[in-house]
Amino acid sequence: MSSVTVIWSMAASACLTLALIHGFIWFRNRAAWANLLFTVMAVGTAALAGCELAMMRAETPAAMATAMRAGHVATWVIFVPLVGFVRLYLYAGRSWLAWSACGLRTLALLLNFSTGQTLNYREITGLRHIPLFGESVSIAEGVPNPWMLVGQLSLLLLVIFVADAAVVVWQRGHRRLAFNVGGSIVLFVLSGILQAVLVFWGVVHWPITASFFFTGIVAAMSYELSREVLRAAQLARDLQESEQRMTLAAEAANLGI
């Protein structure tokens, strides 16, 4: 098996494993909506990794276009739950920014199927093969689709929305939460925007690796959710020990009487 296949498959497997864990948590506690949103986002990230692998393995422009269009569907599946997670888990973020970002991303998804071959290219005219991790992978060459600015603007609105929410959480005194969740999302999404701009406008010739940026977000969010689970378990143990002490005290009092 090639190095590229192993690396992208490992990223997808890690996301699916985390999705399974937090999906089970939501199944046991239907009020844990943050875990459900995280599960959907993690599944979308795994799907995006699969689409990127298909793009790098594409042998024709048509196969590249199909994988790229599917990648935008996976991006939408990541994007909308991510906005909902920030609103629900951080209890912060302006509603109009959230709706504007999701609306633009949905518009970008519709444009992906109605303008040109994909949202990024009016026409994919050919494929270029470049070395990556010691093997040859495919990247698209073609006429850029100006409508891709809608997708890039939606990502920029996402950054603004998350940064605004993180500032509010920081001001509340929850600095670790603001840094781990808000900071990681802003950092990785900005990195993804920069790569997309450079690649799709022909500045650099490199395959799209957005799934790895989203995997970083998944890891940061999973860390925070896991802390919540561990804290809840610790509180349950403390409560049980307190009840046991109260029971022993009551029994000792009865014995004394």
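Quick note: residue numbers are just sequence positions, from 1.
In this structure, CZ in R128 is found 5.5 Å from CD1 in I139, a value given to the nearest 0.5 Å. Here the CG atom belonging to N120 is positioned 9.5 Å from the CH2 atom belonging to W201, to the nearest 0.5 angstrom. Rounded to the nearest 0.5 angstrom, I21 CD1 and T17 OG1 are separated by 6.5 Å. Here the straight-line distance linking atom CD1 of I160 with atom OG of S100 works out to 10.0 Å at 0.5 Å rounding. Summarising the geometry, atom CG belonging to L190 is positioned 7.5 Å from atom CG belonging to L156; distances are rounded to the nearest 0.5 Å. Between M221 atom CE and H22 atom NE2 the span is 9.0 Å, to the nearest 0.5 Å.
Side-chain heavy atoms closer than 4.5 Å link hydrophobic residues (I, L, V, M, F, W, Y) into clusters, and following such links, possibly through other members, connects V197 to L155. Linking ILVMFWY side-chain heavy atoms closer than 4.5 Å, directly or via other members, places V189 and L187 in two distinct hydrophobic clusters. Under the 4.5 Å side-chain heavy-atom criterion for grouping Ile, Leu, Val, Met, Phe, Trp and Tyr, V159 is connected to F161 within one hydrophobic cluster. Residues V218 and L88 share a single hydrophobic cluster, defined by chaining ILVMFWY side chains whose heavy atoms lie under 4.5 Å apart. Note: the hydrophobic cluster containing I25 does not contain V43 (ILVMFWY, side chain heavy atoms under 4.5 Å, direct or indirect links).
A donor-acceptor contact shorter than 3.5 Å links the side chain of S138 to the backbone of A58. For the pair R69 (side chain) and N112 (backbone), a donor-acceptor distance under 3.5 Å is absent. Between the side chain of E224 and the backbone N or O of L177, no donor-acceptor pair lies under 3.5 Å. Using a distance-only test at 3.5 Å, with no hydrogens or angles considered, no donor-acceptor pair links the side chain of T209 to the main chain of F212. Side-chain atoms of N145 come within 3.5 Å of backbone N or O of T118 as a donor-acceptor pair. S184 contributes no side-chain N or O that, together with a main-chain N or O of I217, makes up a donor-acceptor pair within less than 3.5 Å. Listed for the Q117 side chain is a donor-acceptor partner under 3.5 Å among the backbone atoms of I124. With hydrogens and angles ignored, the 3.5 Å screen pairs a side-chain donor or acceptor of R105 with a backbone N or O of G151. Within the 3.5 Å criterion, the main-chain N or O of I193 finds no donor-acceptor partner in the side chain of Q152. Between the side chain of S154 and the backbone N or O of L104 there is no donor-acceptor pair closer than 3.5 Å.
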Please test M68 against Y121 for side-chain contact (heavy atoms from CB on, under 4.5 Å), starting from the C-alpha separation and ending with a verdict.
CA-CA 10 Å; M68 197 172 291; Y121 292 100; 3.8 Å; yes
Please walk me through it: do F200 and Q195 pass side-chain contact (heavy atoms from CB on, under 4.5 Å)?
CA-CA 8 Å; F200 290 127; Q195 187 200 40; over 6 Å; no
Under the side-chain contact (heavy atoms from CB on, under 4.5 Å) rule, what do F38 and N35 come out as? Steps first, then yes or no, please.
CA-CA 5 Å; F38 172 86; N35 294 86; 5.5 Å; no
Working note: M41 + F79, criterion side-chain contact (heavy atoms from CB on, under 4.5 Å); need CA distance, chi angles, decisive distance, verdict.
CA-CA 8 Å; M41 180 190 166; F79 191 101; over 6 Å; no
Checking salt bridge (Lys or Arg N to Asp or Glu O under 4.0 Å) for the pair E52/R57: CA distance, chi angles, key distance, verdict?
CA-CA 9 Å; E52 290 174 354; R57 295 289 179 228; over 6 Å; no
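Aromatic rings of F85 and W33 (six-membered ring for Trp) have centroids beyond the 6.0 Å cut-off, not under it.
The closest side-chain heavy-atom distance from P81 to L36 is not below 4.5 Å. A 4.5 Å side-chain heavy-atom check between L132 and P207 finds at least one atom pair inside the cut-off. At a threshold of 4.5 Å between non-hydrogen side-chain atoms, the residues C51 and H72 do not count as touching. Between L119 and F113, every side-chain heavy-atom pair lies at or beyond the 4.5 Å cut-off. Side-chain contact check for L48 versus F214: some heavy-atom pair is nearer than 4.5 Å.
Closest approach of A42 to A19, counting heavy atoms only: CB-CB, 3.8 Å. Of all heavy-atom pairs between L53 and V4, the closest is CD1-CG1, 3.8 Å. In plain terms, the two heavy atoms of E59 and A63 that are nearest each other are N-CB, 4.5 Å. Here the closest heavy-atom approach between residue G126 and residue P61 is recorded as CA-CG, 4.2 Å. Contact detail for L225 and A34: the closest heavy-atom pair is CD2-CB, 4.3 Å. Between A11 and T215, the closest heavy-atom pair is CB-OG1, 4.4 Å.
The aromatic rings of F188 and F213 sit tilted, their planes meeting at an angle between 30° and 60°.
No more than 12 heavy-atom neighbours from other residues, nucleotides or ligands sit within 6.0 angstrom of OH on Y91. Enclosure of atom CZ in R28 is not indicated, since only 12 or fewer non-hydrogen atoms of other residues, nucleotides or ligands lie within 6.0 angstrom. The neighbour count for W26 CH2, taken as heavy atoms of other residues, nucleotides or ligands under 6.0 Å away, is above 12.
By the 6.0 Å and 45° rule, R172 does not stack over the aromatic ring of W170.
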